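What follows is a single structure, written as structure tokens, with notes after it.
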There are 2 protein chains.
Amino acid sequence: MSTDQLSRTFAALADPTRRDLVARLTLGDATLGELAGSYEMSLQAVSKHLTVLERAGLITRGQAGARRPVHLEAAMLEPLTDWLERYRRQAEQRFQRLDAVLAELAADEAYPDTARRNPEEEQ
Amino acid sequence: MSTDQLSRTFAALADPTRRDLVARLTLGDATLGELAGSYEMSLQAVSKHLTVLERAGLITRGQAGARRPVHLEAAMLEPLTDWLERYRRQAEQRFQRLDAVLAELAADEAYPDTARRNPEEEQ
DNA sequence: GCAGTATTCAACCGTATGGTTGACAACTAC
DNA sequence: GTAGTTGTCAACCATACGGTTGAATACTGC
């Protein structure tokens, strides 16, 4: 798993326990002990999951004495949606261009004298 | 890395090479050979990355003889944006509710006789 | 059929991941 | 201070991941 920010964040969400932690934290901050109660694994394992989320920037841990409330940094989800939307849109646009090409080919079929343009390869 | 669909898809995108492959494929289908030329790793390694993307449903491989054109299934990006948007929005709403609570506390400060409601814990 | 090209399969290697347990540290409260 | 609670650190283990190389398979074109 590579070390750049986007990779770390995608990787952090590639685990159902960590996604559940994020979902849980949208309802409000919580301590490790509170969170760990919901899972059938050791408290230390949950703490490791939180460390992964922290290194991805998705959470921060407060320092309120012995209790360290975990806080979700939901803004860090945006780069992911940005990336996903960018390429989904780009693929969609290409699909529309392909539709146009096919329509043009159909037109060529109907009027065979029309010049044919190269249908593949964009910048 | 757990085996559910969402986990597989997030995990598939948690690698810069695979994200680059997805980006590349938004421009059009390509064969393994064409794709592998762009990376400083063996053709077999790129093929493994494609297998990961395939198991996540993000690509399909055609069967046109010896050449097997790789096709992006951009629609499979949607469940990810859905998940991200859902929780980003949920966190945002909570933040707005928190703002409301703080405003209310400020009002209580100004008019101390107003009854105080429990500011924490939602469903 | 044969030569060449495109892709996959298999074995292997180093490192990262997700989990465990046990010991330690830090803070709270009496 | 001493106890108790909360969280972290460290060592360890099994398995998965990302890469390599070498061999095998599948198709094309003569």
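Letters A, B, ... mirror the listed sequences (proteins, then strands); counts begin at 1. Bear in mind that the values here come from a model prediction, so they are computed numbers and not experimental data.
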Are more than 12 heavy atoms from other residues, nucleotides or ligands located less than 6.0 Å from atom CZ of Arg55(A)?
no
At a cut-off of 3.5 Å, list every protein nitrogen or oxygen paired with a nitrogen or oxygen from nucleotides 22-24 of chain D, distance to 0.1 Å.
unit_1, atom_1, unit_2, atom_2, d
dG22(D), O6, Gln44(B), NE2, 2.8

Send over the distance from Phe10(B) CZ to dA16(D) C1', rounded to a whole Å.
20 Å
Gap between atoms CE and C1', on Met41(A) and dT20(C) respectively (whole Å):
12 Å
Compare every heavy atom of [Y] with every heavy atom of [X], then report the nearest pair and how far apart it is.
{"X": "Leu50(B)", "Y": "Ile59(B)", "result": "O-CD1, 3.3 Å"}
{"X": "Asp15(A)", "Y": "Thr17(A)", "result": "OD1-N, 2.8 Å"}
{"X": "Leu72(B)", "Y": "Ala91(A)", "result": "CD2-CB, 4.1 Å"}
{"X": "Leu43(B)", "Y": "Gly33(B)", "result": "CD1-CA, 4.3 Å"}
{"X": "Arg24(A)", "Y": "Gly28(A)", "result": "NH1-O, 3.7 Å"}
{"X": "Leu13(B)", "Y": "Arg19(B)", "result": "O-NH1, 2.8 Å"}

Among dG18(C), dT20(D), dG18(D), which nucleotide has an atom closest to any side-chain atom of Asp15(B)?
dG18(D)
Taking side chain to side chain donor-acceptor pair (under 3.5 Å) as the definition, give me every residue that meets it alongside Glu34(A), ordered by chain and number, with sequence neighbours left out.
none
With a cut-off of less than 4.0 Å, is there a side-chain N or O of Ser42(B) near OP1 or OP2 of dG19(D)?
no
Output yes when Glu85(B) and Arg88(B) qualify as a salt bridge under the 4.0 Å nitrogen-oxygen rule, no when they do not.
yes
For [Y], is there any backbone N or O sitting under 3.5 Å from a side-chain donor or acceptor partner on [X]?
{"X": "Thr9(B)", "Y": "Gln5(B)", "value": "yes"}
{"X": "Arg61(A)", "Y": "Val70(A)", "value": "no"}
{"X": "Arg18(A)", "Y": "Ala12(A)", "value": "yes"}

Could you check which residues of residues 49-56 of chain A get a heavy atom under 4.0 Å from DNA chain C? Sort them by number, please.
His49(A)
Under the ring pair (Phe, Tyr, Trp, His ring centres under 6.0 Å) definition, can you give me all pairs with a residue in residues 67-88 of chain B, not counting sequence neighbours?
Trp83(B)-Tyr87(B)
Five-pair end axes of the helix from dG1(C)-dC30(D) to dC30(C)-dG1(D) and the angle they enclose, rounded to 10°:
30°
What's touching nucleotides 3-7 of chain C from the protein side, N or O pairs under 3.5 Å?
unit_1, atom_1, unit_2, atom_2, d
dT7(C), OP1, Arg68(B), N, 3.3
dT7(C), OP2, Gly33(B), N, 2.7

